[in-house]
Asker: 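I have a structure here, written as structure tokens, and I will follow up with some questions on it.
Just so you know, ligand 1 is whichever comes first in the structure, and atom 1 is the first atom listed for that ligand.
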Amino acid sequence: MIRGPRARLAVLLSGRGSNFEAIADAIDAGSIPHAEIVAVISDTPAAAGLEAARRRGLPAFLIDRSRHSSRQAHEREIVRVLDEAATDLVCLAGYMRILSPEFVARDRGRILNIHPSLLPRFPGLHPQKQALDAGESESGCTVHFVDEGTDTGPPVLAARVPILPADTVESLSARILEAEHRLYPAAIARVLEGLREGSGDAHSDVHRNRGK
Ligand code: GAR
């Protein structure tokens with residue numbers, strides 16, 4: 001279920017924020033209909049994405065992991081901001097921390113992540129390098145619901161990208177990133193559609209829709 005006329009999105013990030021910008025651009029362009037970003041949260045002071053959020057006039061929150069004594073205390077602060085902002089969907093966009101099982105349980109079916117590989121291939125760190133080292137001829141990116149594992153939750157959408165013989169980690173990462181910028185907004189639009197039509201459980205709605 002989505003409570004209001006516009007779905008309220010939070011974006012969690014740790015760095016550059018180009019996926020956050022792609023999501024914000026897609027909302028501005030109307031390709032994620034009836035949605036708004038109500039909180040951009042970074043765990044890292046130096047994250048360029050935080051500055052980009054401020055430039056766009058969006059509510060930006062630094063919740064610095066190094067200023068909290070434990071993951072639990074850090075997440076408690078994040079949850080406080082999410083609750084105050086009354087979010088419908090949490091989008092991890094280059095957020096480089098593992099969420100606790102308690103955090104996931106609180107919002108199951110309402111937390112998305114984007115990962116730069118064709119999951120279940122190459123979860124975890126440095127997936128572009130993992131794909132090159134494995135001698136793959138293609139890789140890509142996946143948007144998935146977050147569960148308790150690392151990059152293991154049910155997929156929403158994926159996009160394939162070729163690996164060229166001369167590719168380096170940098171060139172492959174750049175090609176995948178371009179695909180990410182198209183994929184994430186499309187996946188969010190699809191999940192929101194499920195949340196609007198369905199029972200309030202976006203996860204099972206997406207799976208039901210896949211059979212159509
Ligand atoms: C993106 O490639 C994203 O898929 C990846 O970090 C980059 C963030 O870029 N995320 C992960 O590897 C998470 N496991 P951005 O800050 O420019 O959006």
Asker: Could I get the full list of salt bridge (Lys or Arg N to Asp or Glu O under 4.0 Å) partners for Arg6, not counting sequence neighbours?
Answerer: Glu36
Asker: Any ion pair linking Arg108 and Asp147 (charged N to carboxylate O, less than 4.0 Å)?
Answerer: no
Asker: Measure the spacing between CD of Glu193 and CD1 of Ile188 and express it to the nearest 0.5 Å.
Answerer: 13.5 Å
Asker: Which donor-acceptor pairs under 3.5 Å do the side chains of residues 176-183 make with protein atoms, sequence neighbours left out?
Answerer:
from   : atom 1 : to    : atom 2 : distance (Å)
Glu180 : OE1    : Asn19 : ND2    : 2.9
His181 : NE2    : Ser18 : OG     : 2.8

Asker: Charged N to carboxylate O below 4.0 Å: is that the case for Arg106 and Glu102?
Answerer: no
Asker: Which donor-acceptor pairs under 3.5 Å do side chains of residues 44-55 form with protein atoms, sequence neighbours excluded?
Answerer:
from  : atom 1 : to    : atom 2 : distance (Å)
Glu51 : OE1    : Arg54 : NH1    : 3.4

Asker: Check each protein residue for a heavy atom under 4.0 Å from ligand 1 and list those that pass, ordered by chain and number.
Answerer: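 Correct list: Arg16, Gly17, Ser18, Asn19, Gly94, Met96, Ile114, His115, Pro116, Leu177, Glu180.
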